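Shown below is the structure under consideration.
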Amino acid sequence: MTPSARVQAAIDLLDAVIAAARGQGASADRIAAEWFRARRFVGSKDRRAIRELVWSAIRACGPVPASGRAAMLRLAEGDPALAALFDGSNYGPAPIAAGEAVAEGGIAPAWLVERLTAAGLDQDAQASLLGRAPLDIRANTLKTTREELRARLPVDAEPAIAPHGLRLPAGSTVETWPEFSEGLFEVQDAGSQITCMALGVQPGEAVVDLCAGAGGKTLALGAALDNKGKLLACDIDRARLSRLPDRAARAGVLAETRLLNPGKESAMLADWQGKADAVMIDAPCSGTGTWRRNPEARWRLDGKTIERYCAMQANVLSIGASLVRPGGRLTYVVCSLLDAEGVDRIDAFLAENPGWDAVLRPLPAGRSHGPGWRLVPFWDGTDGFFFATLVRRVN
């Protein structure tokens with residue numbers, strides 16, 4: 001493909017991404033995969049170039065753009081070489097017309113910027129949410145140590161800020177390595193690893209991962225348990241939870257999985273009521289802390305969506321709290337930096353449940369924020385998280 005043809009292909013793909021964002025359709029990653037699958041004639045170099053253009057244009061636009069062309073024009077405003085490729089050549093985009101509409105730039109839609117600012121994130125911290133995410137892995141301590149793993153890997157890896165984490169060069173094809181198939185490591189952002197540390201799991205404890213999904217945090221908790229104790233992983237999403245048994249087997253983690261029916265979670269967890277030493281609640285959220293990986297996600301949010309997430313978060317907090325024994329604890333986690341989903345949720349829970357206390361444990365990264373802890377890409381080099389650890393009083 002010519003450089004101009006790549007630009008037009010990127011515009012076409014952006015049109016599909018924008019339409020999906022407006023209609024709450026598939027993610028940009030899935031759309032791109034399907035788009036390229038239908039165009040097998042596009043070579044690998046062209047695919048990489050098109051993807052780079054698409055994701056750079058997504059990051060360059062604050063509110064959802066009117067069109068893929070408007071988004072690409074936003075990117076071209078700061079890149080004369082890119083603007084020159086709007087040349088009207090065969091398969092290329094038409095020349096840029098005088099006064100042609102250009103997508104609006106910025107970090108996010110104005111209402112979201114206001115909420116991020118209110119949460120104490122300055123301009124630099126907000127801009128970091130749209131940077132490029134690193135590739136982190138967690139050494140599986142059931143099978144190896146970080147230094148042993150580092151010595152075996154086929155690339156130069158640097159220690160991540162999490163004690164069992166390594167940061168790899170971008171583009172590392174980790175799932176093709178024998179160390180991966182042997183279960184020596186899992187792909188997991190260093191920030192996510194630190195949220196698991198906050199729960200303070202010890203061997204011999206009874207632990208519940210209430211919103212386990214595909215089990216990334218479950219496997220970290222299982223390693224902390226050293227397979228000594230009980231570990232229950234739950235979720236209402238059958239497709240995601242079904243991936244966990246194979247992952248656990250590869251990692252050598254002993255865990256029970258339990259699919260829950262929405263609205264019947266407490267009844268289906270009756271055997272765990274008041275018995276868990278520790279509960280992890282990785283609550284559903286807006287994902288504002290993961291925009292580095294999913295930048296188009298900020299085009300899918302509105303005030304009502306945030307309210308729905310807040311209601312779900314309050315619900316899972318209530319369910320999770322009912323499982324904790326006196327003297328036990330829970331850690332509530334959201335990959336969001338909006339106070340409505342973090343500080344406000346914990347403040348509301350503590351106001352309604354006077355038998356609980358928030359505790360702040362020393363951690364290798366982040367800083368306190370209200371009753372909890374916060375990780376921000378600009379300060380910590382991780383994905384963005386808010387999390388809080390709560391202890392149930394004995395009396």
Side-chain angles (χ1 to χ4, degrees), residues 1-109 127-135 154-155 168-176 290-300:
M1 297 176 73
T2 66
S4 291
R6 288 174 174 174
V7 174
Q8 183 57 54
I11 290 171
D12 294 341
L13 182 48
L14 278 165
D15 281 330
V17 171
I18 292 166
R22 287 198 181 112
Q24 299 298 314
S27 68
D29 277 329
R30 180 176 173 184
I31 289 169
E34 293 176 351
W35 195 89
F36 286 122
R37 191 177 300 116
R39 296 163 178 82
R40 297 188 182 276
F41 60 87
V42 178
S44 58
K45 290 184 179 179
D46 292 323
R47 290 179 184 224
R48 285 194 295 272
I50 293 167
R51 283 186 64 94
E52 177 65 23
L53 284 168
V54 169
W55 263 261
S56 294
I58 292 172
R59 287 185 170 92
C61 302
V64 59
S67 66
R69 182 177 172 90
M72 194 60 64
L73 288 174
R74 161 56 57 184
L75 191 62
E77 277 198 337
D79 187 344
L82 177 58
L85 296 177
F86 286 75
D87 57 9
S89 60
N90 196 23
Y91 300 113
I96 301 172
E100 187 170 356
V102 177
E104 183 180 343
I107 302 302
S128 73
L129 300 178
L130 293 177
R132 303 302 176 97
L135 176 58
V155 299
L168 307 183
S172 298
T173 55
V174 296
E175 294 187 358
T176 67
T290 61
W291 285 350
R292 298 188 303 174
R293 304 175 192 280
N294 306 291
E296 93 283 358
R298 65 202 202 282
W299 297 342
R300 298 170 178 268

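By convention here, the first residue in the shown sequence is residue 1. Heavy-atom basis, side chains included; hydrogens, waters and symmetry copies ignored. Every value quoted in this text rests on a predicted model; they were computed, and no experiment measured them.
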Looking at Trp35, is Arg37 sitting on its ring face, NZ or CZ under 6.0 Å from the six-membered ring centre and within 45 degrees of the normal?
->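 Because its charged atom misses either the 6.0 Å distance or the 45° angle limit, Arg37 does not stack over Trp35.
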
So, the side chain of Thr290 versus the backbone of Arg293: is there a donor-acceptor pair under 3.5 Å, distance only?
->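 Not confirmed, Thr290 side chain does not pair with Arg293 backbone.
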
Taking the side chain as every heavy atom from C-beta outward, state whether Val7 and Ile50 have any pair of such atoms under 4.5 Å apart.
->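 Heavy-atom side-chain distance check fails, nothing below 4.5 Å.
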
Minimum-distance pair of heavy atoms, taken over all atoms of Asp87 and Ser89 |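 Minimum heavy-atom contact is OD1-OG, 2.7 Å.
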
Measure across Trp299 and Ile58 and return the closest heavy-atom pair with its distance rounded to 0.1 Å.
->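 Heavy atoms of Trp299 and Ile58 come nearest at CZ2-O, 3.7 Å.
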
What's the spacing between Asn90 CG and Gln8 CD if we round to 0.5 Å?
->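 Answer rounded to 0.5 Å: 11.0 Å.
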
Would Leu130 and Arg298 count as a side chain to side chain contact (heavy atoms under 4.5 Å, CB included) if you check the C-alpha gap in whole Å, the side-chain angles of each, and the deciding distance to 0.1 Å?
-> CA-CA 10 Å; Leu130 293 177; Arg298 65 202 202 282; 3.9 Å; yes

Once you round to the nearest 0.5 Å, how far does CG of Leu75 lie from CH2 of Trp55?
->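 Reported to 0.5 Å precision, the distance equals 14.0 Å.
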
Heavy-atom pair of closest approach, residues Ser172 and Leu168 =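 Taking Ser172 first and Leu168 second, the nearest heavy atoms are OG-CB, 3.9 Å.
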
Which salt bridge (Lys or Arg N to Asp or Glu O under 4.0 Å) pairs, counting each pair once, include a residue from residues 1-19, with sequence neighbours left out?
->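 Matches after skipping sequence neighbours: Arg6-Asp46.
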
Start with the C-alpha distance between Arg59 and Arg132, add both sets of side-chain angles, then the distance that settles side chain to side chain contact (heavy atoms under 4.5 Å, CB included), and finish with yes or no.
-> CA-CA 10 Å; Arg59 287 185 170 92; Arg132 303 302 176 97; 3.3 Å; yes

For Leu14 and Ala71, which heavy atoms make the closest approach, and how far apart are they?
->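 Nearest pair, atom of Leu14 first, then Ala71: CD1-CB, 4.2 Å.
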
What heavy-atom pair brings Pro93 and Ser4 nearest, and what distance separates the two atoms?
->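 Taking Pro93 first and Ser4 second, the nearest heavy atoms are CD-O, 3.2 Å.
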
Any donor-acceptor N or O pair under 3.5 Å, side chains Glu52, Ser56 |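 Glu52 vs Ser56: donor-acceptor pair found between side chains.
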
Spacing of Ile18 atom CD1 and Cys61 atom SG [to the nearest 0.5 Å] =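 It is 7.0 Å, given to the nearest 0.5 Å.
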
Could you check if a side-chain atom of Phe86 sits within less than 4.5 angstrom of a side-chain atom of Met72, using non-hydrogen atoms only?
->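 Heavy-atom side-chain distance check passes, below 4.5 Å.
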
Above 12 or not: heavy atoms from other molecules or residues under 6.0 Å from CZ of Arg40?
->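 Open: at most 12 neighbouring heavy atoms sit under 6.0 Å from CZ of Arg40.
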
Less than 4.0 Å between a side-chain N and a carboxylate O, is that true for Arg69 and Glu100?
->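 Looking at Arg69 together with Glu100, the answer is yes, because their closest N to O distance falls below 4.0 Å.
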
Would you sort out whether Leu85 and Thr2 count as a side chain to side chain contact (heavy atoms under 4.5 Å, CB included), showing the intermediate values?
-> CA-CA 10 Å; Leu85 296 177; Thr2 66; over 6 Å; no

Only pairs under 3.5 Å count here: list side-chain donor-acceptor contacts from residues 24-31, not counting sequence neighbours, and write none if there are none.
| from | atom 1 | to | atom 2 | distance (Å) |
| --- | --- | --- | --- | --- |
| Gln24 | NE2 | Arg300 | O | 3.0 |
| Ser27 | OG | Arg30 | N | 3.2 |
| Asp29 | OD1 | Arg51 | NH2 | 3.3 |
| Arg30 | NE | Glu34 | OE2 | 3.2 |

Heavy atoms of other groups near Glu77 CD, more than 12 under 6.0 Å =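 Yes.
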
Which heavy atom of Ala60 sits nearest a heavy atom of Arg74, and at what distance?
->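 Taking Ala60 first and Arg74 second, the nearest heavy atoms are O-CG, 3.5 Å.
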
Without swapping roles, check the side chain of Asn294 against the backbone of Ala297 for a donor-acceptor pair under 3.5 Å.
->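 Side chain of Asn294 to backbone of Ala297: no pair is present.
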
